[in-house]
Amino acid sequence: MKIGVFDSGYGGLTILKEIRKRLPQYDYLYLGDNARAPYGSRSFEIVYEFTLQAVKTLFEKDCHLVILACNTASAKALRSIQQKDLPVINPEARVLGVIRPTAEKITSVTSTRHVGLLATPGTVASRSYYLELQKLAPEIIITEHACPMWVPIVENNEILSPGADYFVKKEIDFIFDKDPLIDTLVLGCTHYPILLPVIQKYIPANVKIICQGPIVAESLADYLVRHPEIETVCSKNSGVEYLTTEHPEKFDHLASLFLGHPVESLTISLKD
Ligand code: DGL
């Protein structure tokens, strides 16, 4: 049994990379729904439908544990899938998201208790981070801001273009104007670490950036220790395979750039 890692596109690779660094022994199957990305501006119903298709596909392909390496899918589909679908389609399997472990990390990083969240319109509208923080540390003031252009910049490999600088600076200036006391900036979309060199140019020097890859990797390691019934059925050949709903050549080229090693993917179509 493999561990499935799902994202709307390339963003989940930033999570997969850190998971494989932390837990290299397991076998992974990555699925990017690149042909239908971005998810960030899509409705709740559509993100849920697409995410459920992806989860079912990963189950059919021998995954019994799936990480939604996507905040938008975690915000809009995780709860329904865990509570409504899993008991029917695969009660033994597990699906985990990225928001809860990130919220836990936020509470230990901020000193001013003023936090900025940059994410997709869908994640911001869901208020998932605000709600998680309300449970964990209600004194934290979170300013949530959507960056609708950042995922298209990554998916179209425009990260070195002047347009990337323009849109990154615009959103960062906006959030720090809104709350100058922010000392912790959360990249609440798994695509955003790919823009990190640009983001770093524009944030104030005292601000800490939270990227989710290492947090999710640590949280998965901890989960596997606490759940031996899942851990023992994970195969351990250090393998990784990639599936995309796009043309594989396009995926392989960009995924190789983002991961820093060659990637060979297969195309798949997602249906109910
Ligand atoms: N990478 C995803 C996230 O973390 C989704 C981006 C998108 O498709 O809009 O939210």
Side-chain angles (χ1 to χ4, degrees), residues 4-19 30-55 66-79 81 95-103 105-106 116-130 132 144-159 164 167-168 171 185-196 199 209-217 219-220 242-246 250-251 254-255 258-259 270:
V5 179
F6 168 68
D7 181 45
S8 62
Y10 298 105
L13 296 174
T14 64
I15 303 286
L16 177 71
K17 192 177 181 175
E18 297 299 329
I19 291 180
Y30 184 84
L31 169 56
D33 191 6
N34 302 77
R36 301 190 295 193
Y39 280 12
S41 307
R42 292 188 184 273
S43 68
F44 176 93
E45 289 75 14
I46 291 292
V47 173
Y48 167 58
E49 182 190 325
F50 289 179
T51 304
L52 183 58
Q53 289 172 352
V55 166
V66 172
I67 314 298
L68 300 185
C70 174
N71 291 267
T72 312
S74 299
K76 294 187 166 195
L78 180 65
R79 283 276 173 272
I81 291 177
V95 180
L96 306 175
V98 291
I99 293 178
R100 175 76 190 195
T102 309
K105 181 73 180 183
I106 292 170
L117 172 81
L118 299 174
T120 66
T123 300
V124 169
S126 75
R127 306 233 58 206
S128 301
Y129 277 91
Y130 167 78
E132 284 299 339
E144 300 166 278
H145 180 56
C147 309
M149 291 304 293
W150 289 18
V151 170
I153 288 169
V154 171
E155 287 287 312
N156 293 290
N157 196 21
E158 290 289 337
I159 48 182
F167 282 110
V168 167
E171 311 304 4
L185 188 65
V186 184
L187 304 187
C189 169
T190 56
H191 281 68
Y192 295 177
I194 294 169
L195 285 165
L196 197 56
I199 295 168
I209 299 182
I210 294 192
C211 292
Q212 297 176 294
I215 300 168
V216 175
S219 154
L220 176 60
Y242 300 88
L243 299 172
T244 175
T245 53
E246 247 296 353
K250 186 177 174 211
F251 181 87
L254 274 187
F258 297 150
L259 288 172
L270 299 180

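The structure presented is a predicted model; accordingly, all values stated were derived computationally and were not measured. Indexing begins at 1, ligand by ligand and atom by atom, following the structure's order. Basis for what follows: all heavy atoms, side chains included, without hydrogens, waters or symmetry-related copies.
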For each nitrogen or oxygen atom of ligand 1, which protein N/O atoms lie closer than 3.5 Å, and how far apart are they, rounded to 0.1 Å?
unit_1: ligand 1; atom_1: 1 (N); unit_2: Asp7; atom_2: OD1; d: 3.0
unit_1: ligand 1; atom_1: 1 (N); unit_2: Thr190; atom_2: OG1; d: 2.8
unit_1: ligand 1; atom_1: 1 (N); unit_2: His191; atom_2: ND1; d: 2.7
unit_1: ligand 1; atom_1: 4 (O); unit_2: Asn71; atom_2: N; d: 2.8
unit_1: ligand 1; atom_1: 4 (O); unit_2: Asn71; atom_2: ND2; d: 3.1
unit_1: ligand 1; atom_1: 4 (O); unit_2: Thr190; atom_2: N; d: 2.8
unit_1: ligand 1; atom_1: 4 (O); unit_2: Thr190; atom_2: OG1; d: 3.3
unit_1: ligand 1; atom_1: 8 (O); unit_2: Ser8; atom_2: OG; d: 2.6
unit_1: ligand 1; atom_1: 8 (O); unit_2: Tyr39; atom_2: N; d: 2.6
unit_1: ligand 1; atom_1: 9 (O); unit_2: Tyr39; atom_2: N; d: 3.3
unit_1: ligand 1; atom_1: 9 (O); unit_2: Gly40; atom_2: N; d: 2.7
unit_1: ligand 1; atom_1: 10 (O); unit_2: Asn71; atom_2: N; d: 3.4
unit_1: ligand 1; atom_1: 10 (O); unit_2: Thr72; atom_2: N; d: 3.1
unit_1: ligand 1; atom_1: 10 (O); unit_2: Thr72; atom_2: OG1; d: 2.7

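- In this structure Tyr129 satisfies the ring pair (Phe, Tyr, Trp, His ring centres under 6.0 Å) test with no other residue, sequence neighbours excluded.
- Scanning for side chain to side chain contact (heavy atoms under 4.5 Å, CB included) contacts around Thr72 gives Tyr39, Val47, Cys70, Lys76, Thr120, Thr123, with sequence neighbours left out.
- Side-chain atoms of Asn34 and Thr244 form a donor-acceptor pair, as typed in the model, at a separation below 3.5 Å.
- Not counting sequence neighbours, the partners of Phe251 by the ring pair (Phe, Tyr, Trp, His ring centres under 6.0 Å) test are Tyr10.
- Judged purely by distance below 3.5 Å, without hydrogens or angles, the side chains of Ser8 and Asp33 never pair a donor atom with an acceptor atom.
- With a 6.0 Å cutoff to the six-membered ring centre and a 45° limit on the axis angle, Arg36 counts as a cation-pi contact of Phe50.
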